[in-house]
Amino acid sequence: MAVRDLNWDLLRLQRRESHVGSHATRRDRSYALAQMAETLHELGFRGLRAEGLKPRHVEALVRHWQEGGLSHATMMNRMSHVRWWAGRVGKAGMVGNNADYGIQRRSHVSDGTRRRDLDGSRLARVRDAHVRMALRLQAAFGLRREEAIKLSPSHADRGDRLLVKASTAKGGRPRHVPVRTEAQRRLLDEARRLAGGGALIPPARNYAEQRRVYEDQTRAAGLDRNHGLRHAYALDRYEGLTGWKAPAAGGPARRELTGGERRIDAAARLRISRELGHGRLEIVRQYCG
């Protein structure tokens, strides 16, 4: 079967870099590439091999995602895997910028949920580098404010996951948040360079003083309602795990799902609950509906 040939090609490319990047990144890439192979086969590109990737294949994938109603954030993640594929077959320059395909960066404008995406122009107004980094970590990993400020990147970074210590987590519940993307990996590397061996608090301040700096500067920049960053993380995570939007973002209600889809929904909610550090699964409804 032709799709198996393409899947085998893509798997062979991944095996060449079996020790590059985190386990979570490799796992997500493997799933995304296999899904793309199936999609291209269904779209009529029979007999395609990995080295045969062309602009029309990328355009067909993006068009399919757009017609399926995927968020721009999800499409951006998938495009990173397309670029990886193109780069491994000597066609790195073939894939254009996201904007060339109509994929835009996230907007801070509300979509009717309580999500709040991190707006780059407002983030630039935050003068304190440690506060900026805390905000970026909140958005990338769904952290609470205190968890982000007190985070010690050198200790918390466990390669394919981020450890949130019991002493900083609400309710004293430690947890691990997966490092799934190259963007998260680069952010953690940057955070480690900024913080050195300590937390995201400058040496001359304690936590209470840094919290006040955080509050003052985020308020001045219009970034003071940051619990919405956790909502954004939960909604994007739900869509990434299930393949459809959460009910709160216009996706199907649970009663509209098939039996198999309900099992996927339940597993996704359980994982999101753990990653956000909540003890009760019901709380995920506040984020995802």
Are the side chain of Glu67 and the backbone of His64 linked by a donor-acceptor contact shorter than 3.5 Å?
-> no
Does Asp160 pair with Arg185 as a salt bridge, N-O distance under 4.0 Å?
-> no
Quick one: do Val213 and Val126 end up in the same hydrophobic cluster if we chain Ile, Leu, Val, Met, Phe, Trp and Tyr together by side-chain heavy atoms under 4.5 Å apart?
-> yes
Quick one: does Gln66's side chain have a donor or acceptor within less than 3.5 Å of a partner on Tyr101's backbone?
-> yes
Over all atoms of both residues, closest heavy-atom pair of Met36 and Arg78 | CE-O, 3.4 Å
Might you point out which heavy atoms bring Glu51 and Lys91 nearest each other, and give the distance in Å?
-> O-NZ, 2.7 Å
Are any of the side-chain nitrogens in Asp216 or Arg212 under 4.0 Å away from the carboxylate oxygens of its partner?
-> no
Side-chain H-bond candidate by donor/acceptor type, Tyr214 with Asn226, under 3.5 Å | yes
Does a side chain donor of either Asp265 or Tyr238 reach within less than 3.5 Å of an acceptor in the other side chain?
-> yes
Under the salt bridge (Lys or Arg N to Asp or Glu O under 4.0 Å) rule, what do Arg175 and Glu275 come out as? Steps first, then yes or no, please.
-> CA-CA 7 Å; Arg175 69 183 189 277; Glu275 291 180 13; over 6 Å; no
For Glu147, does its backbone N or O pair with a side-chain atom of Thr168 as donor and acceptor, under 3.5 Å?
-> no
Identify the two heavy atoms, one from Gly277 and one from Arg173, that lie closest to each other, and give their separation to 0.1 Å.
-> O-NH2, 3.2 Å
Decide, yes or no, whether a salt bridge links Arg145 with Glu215 under the criterion of side-chain N to carboxylate O below 4.0 Å.
-> yes
Is a side-chain donor or acceptor of Asn77 paired with a backbone partner of Thr74 at a separation under 3.5 angstrom?
-> no
N-O pairing of Arg26 and Glu17 below 4.0 Å = no
What closest approach, in Å, do Val164 and Ala169 show between heavy atoms, and which atom pair accounts for it?
-> CG1-CB, 4.0 Å
Cluster link Leu163 to Ile272, ILVMFWY, side chain under 4.5 Å | no
Test item: Arg254 side-chain N/O and Pro247 main-chain N/O as donor-acceptor pair under 3.5 Å | no
Using the six-membered ring of Tyr207, assess whether NZ or CZ of Lys150 lies under 6.0 Å from its centre and within 45 degrees of the ring axis.
-> yes
Sub-3.5 Å donor-acceptor pair from the side chain of Glu261 to the main-chain atoms of Thr258, do we have one?
-> yes
Just by modelled atom types, is the Leu235 backbone N or O under 3.5 Å from a matching donor or acceptor in the Glu239 side chain?
-> no
Can you name the closest pair of heavy atoms from Ala234 and Leu276 and give their distance?
-> CB-CD1, 4.0 Å
For Phe141 and Leu162, work out which heavy atoms get closest and say how close.
-> CG-CD2, 3.8 Å
Consider only side-chain heavy atoms of I, L, V, M, F, W and Y, link residues closer than 4.5 Å, and tell whether Ile264 and Tyr31 are in one cluster.
-> no
Is there a donor-acceptor pair closer than 3.5 Å between any side-chain N or O of Arg115 and the backbone N or O of Leu229?
-> no
May I ask you to decide if Pro252's main-chain N or O and Glu256's side chain share a donor-acceptor pair within less than 3.5 Å?
-> no
Hey, are Asp9 and Arg12 close enough for a salt bridge, meaning a charged N less than 4.0 Å from a carboxylate O?
-> yes
Tyr287 and His227 aromatic ring geometry - parallel, tilted or perpendicular at 30°/60° bounds | tilted
